[in-house]
Amino acid sequence: MGRAVTVATCALNQWALDFEGNLERIFRSIVIAKSKGARYRLGPELEICGYGCSDHFYESDTLLHSFEVLGKLLESPATQDIICDVGMPVLHRNVRYNCRVIFLNKKILLIRPKISLANAGNYRELRWFTPWSKARRVEEYFLPRIIQEVTGQETVPFGDAVLATKDTCLGTEICEELWAPNSPHIEMGLDGVEIFTNSSGSHHVLRKAHTRVDLVNSATAKNGGIYILANQKGCDGDRLYYDGCAMISMNGETVAQGSQFSLDDVEVLVATLDLEDVRSYRAEISSRNLAASKVNPYPRVKVNFALSCPDDLAVPTCMPIQWRHHSPEEEISLGPACWLWDYLRRSKQAGFLLPLSGGIDSSATACIVYSMCHQVCLAVKNGNADVLADVHRIVNDETYIPEDPREFCRRVLTTCYMASENSSQDTCNRAKLLAEQIGSYHINLNIDAAVKAVVGIFSVVTGRTPQFSVYGGSSRESLALQNVQARIRMVLAYLFAQLTLWARRMPGGLLVLGSANVDESLRGYLTKYDCSSADINPIGGISKTDLKSFIQYCIENFQLTALRSIMSAPPTAELEPLVDGQVAQTDEADMGMTYAELSIYGKLRKIGKAGPYSMFCKLINIWKEIFTPREVASKVKHFFRMYSVNRHKMTTLTPSYHAENYSPDDNRFDLRPFLYNTSWSWQFRCIDKQVN
């Protein structure tokens, strides 16, 4: 009868504008899919050019090179006898669309433009593309000559249609369309489409994976069918990490699950499924069948090809599996680690330099690098030749095999404790012990001479010498002296990043890692152009609360006992003088709020879209057992004053791994003014009225 169909989906680590590398990875995925018997192969969104091209989508070069890659795919023997579904931008009648190009045996079957564009949070698709608004309509698309020469076709169908093969019917969704309230799969399913495909460019956010899995499974739970999802993976050139999770689902249950985090550039999932299971599932849903009898039909593109074989009685089919989700601590350990690896190998640098203070944030960053080293060693052990080739180039040794994460960490991570007269011996010892346990190349240095020199220049010019508050100075003087220390550390971090390997008679330079968490950025509790200013920051989108949980995870899973004392110590910047040899300055006292409170403010401000008055109204109920309305009002006002005074710092925030939906990243995620009227007079007056 021909009822068992074999289909493939994949997660590819594509890179914006890396047409050569992207083509090679697409080819590999097709070859793997065919070798496993697949008759249909689905790839990620915009996989030919890479999802993150941004304003390069405006350039005709991007369109040209995408078609050149498509031509290579069409003419290759590797793409014969399998339906290939690839993503690229296409210009139709002078309008640019985000498209799927579906082809078989050197013939383009359909170009399907995206209907619902992602345009919130990190996504700006409406800036570069136009949604296809002609539902169930198809137009003629005139192919460029370079494609006509390969296919022999002058025009092909372009629009909202489905494919009718000899044994089934396939319909396409693209990323955001799955999340839309009127997803195309609903109407397509009613019109007899049995296989739904979704090509995504979906990035990692802590605790988000289950949402995507639930959406895919629910798509076929009510309506029956097979749902195939492909996704990009890795860092394709910016702050996002695309987290794979390719999957295949049937009748509301997962039958194949791809990895969320891995160093494999190409991952292919193949499943064989029985179409009769879809048909029998649908047969008993009377409400679905009544709706189907009235549905407006889709244009069908007939394809003289089958996804099944006539004699398939003995072909085994896939059974449902239970999806395994990572804990948030595992996500922090793996996601930023994979992102760092992509950034390191693609930037062609020789490693990282991390200012290690002995506090939770920089220690968490060090642990993420250590986790990266674990992932690299595991990938090499499992035979990943791509990772080994990258390792050889990074360490400049063609014979080296990374087997011990600590030994590899010493080659790629330099940590540096930058002491001042205000630093305690405790933090120095903590930093040194952690460096020993993860294996990093560790440097101890003292910045006092540089600080005195800078302050000395000021004193010579002005005739006045600033003092810390404990010595009788004003708050202005004390803050300026703290900022000098912080900024000297940034200058020294970059100096050592550039020349440490030179001094060790080794080639290459190091990337500087920052370690300001998302809560400190939100509050502005950092010095502009201090050690938070770096090349990249793997924890900049992670809350202090989650980082503490991650540190505990590292104690238990990596046996890093040095982290115990780091966990128990109160967070401190160590920029003010010690009192009787002990640290007197703490972060939460300086900020006037706790880290737990900061997380709540951040979620209400960004996710809850709350201004000062709305935040106050919500918090008097949330905190009614612990604070009076007047105390809540005082806290809300203090947060918004500090947030608005310091918002300018977000314009220069180090590019950070995006992991939280309340990130204050000013690049494109959280767009706000950076010059505020910090008195908030009208808003605060509304709060005072309610308090009274």
Side-chain angles (χ1 to χ4, degrees), residues 2 5-10 26-27 29-30 33-34 38-48 66-67 69-92 97-115 132 134-174 177 184-185 188 191-199 226 228 230 275 297-308:
V5 294
T6 303
V7 293
T9 183
C10 57
I26 293 170
F27 266 138
S29 69
I30 294 170
K34 283 183 68 176
R39 308 270 285 173
Y40 169 87
R41 175 266 182 203
L42 177 71
E45 185 174 11
L46 294 167
E47 60 188 302
I48 284 180
S66 294
F67 271 111
V69 169
L70 178 62
K72 295 286 187 186
L73 290 167
L74 283 163
E75 66 187 12
S76 170
T79 62
Q80 303 306 295
D81 299 321
I82 182 170
I83 296 177
C84 295
D85 188 333
V86 299
M88 60 179 276
V90 177
L91 197 69
H92 175 56
Y97 295 98
N98 175 349
C99 294
R100 303 304 301 173
V101 179
I102 308 171
F103 63 90
L104 169 68
N105 294 338
K106 296 188 179 181
K107 300 292 182 185
I108 294 176
L109 305 173
L110 172 68
I111 300 178
R112 202 285 204 171
K114 192 170 183 177
I115 295 168
W132 181 256
K134 302 171 185 178
R136 296 175 176 81
R137 278 184 54 189
V138 173
E139 297 175 351
E140 275 191 319
Y141 177 75
F142 287 81
L143 292 170
R145 281 174 293 181
I146 58 172
I147 302 301
Q148 289 184 30
E149 291 169 1
V150 178
T151 67
Q153 299 166 288
E154 188 177 76
T155 64
V156 295
F158 185 103
D160 186 18
V162 298
L163 298 182
T165 65
K166 294 166 75 173
D167 51 359
T168 187
C169 189
L170 296 92
T172 298
E173 288 189 326
I174 306 176
E177 293 166 16
H185 70 256
M188 287 193 296
D191 191 33
V193 171
E194 295 177 326
I195 300 175
F196 312 102
T197 67
N198 187 302
S199 307
I226 297 166
I228 310 168
L275 291 172
Y298 278 80
R300 275 166 159 74
V301 176
K302 293 181 181 178
V303 184
N304 187 24
F305 186 77
L307 302 188
S308 60

Under the salt bridge (Lys or Arg N to Asp or Glu O under 4.0 Å) test, residues paired with Glu194 that sit two or more places apart
Arg279
Taking the side chain as C-beta and beyond, is there a heavy-atom pair between Phe67 and Met88 under 4.5 Å?
yes
Val156: which residues meet the side chain to side chain contact (heavy atoms under 4.5 Å, CB included) condition with it, sequence neighbours left out?
Ile108, Ile111, Tyr141, Leu143, Gln153
Euclidean distance, Ile83 CD1 relative to Leu42 CG, rounded to 0.5 Å:
11.5 Å
Val69: side chain to side chain contact (heavy atoms under 4.5 Å, CB included) partners, not counting sequence neighbours
Phe19, Leu23, Ile48, Leu73
Not counting sequence neighbours, which residues clear side chain to side chain contact (heavy atoms under 4.5 Å, CB included) with Arg137? List them please.
Lys134, Glu139
Quick one: salt bridge (Lys or Arg N to Asp or Glu O under 4.0 Å) partners of Arg41, sequence neighbours excluded?
Glu47
Which of these passes side-chain contact (heavy atoms from CB on, under 4.5 Å) with Ile228: Asn198, Leu170, Thr9?
Thr9
Can you find a pair of side-chain heavy atoms, one from Thr172 and one from Ile102, that are under 4.5 Å apart?
yes
Can you name the residues that form a ring-ring contact (aromatic ring centres under 6.0 Å, His included) with Phe103, not counting sequence neighbours?
none
For Glu140, side chain to side chain donor-acceptor pair (under 3.5 Å) partners two or more places apart
Thr155
Does Tyr97 have any ring-ring contact (aromatic ring centres under 6.0 Å, His included) partners at least two apart in sequence or in another chain, and if so, which?
Trp132, Phe158
Which residues share a salt bridge (Lys or Arg N to Asp or Glu O under 4.0 Å) with Asp191, sequence neighbours left out:
Arg300
Contacts of Ala78 that satisfy side chain to side chain contact (heavy atoms under 4.5 Å, CB included) - sequence neighbours left out
Phe27, Val31, Ser76
Strictly by salt bridge (Lys or Arg N to Asp or Glu O under 4.0 Å), give each pair with a member in residues 69-87 just once, sequence neighbours left out.
Asp85-Arg100
Filter on salt bridge (Lys or Arg N to Asp or Glu O under 4.0 Å), then keep only pairs touching residues 148-158, sequence neighbours left out; what's left?
none
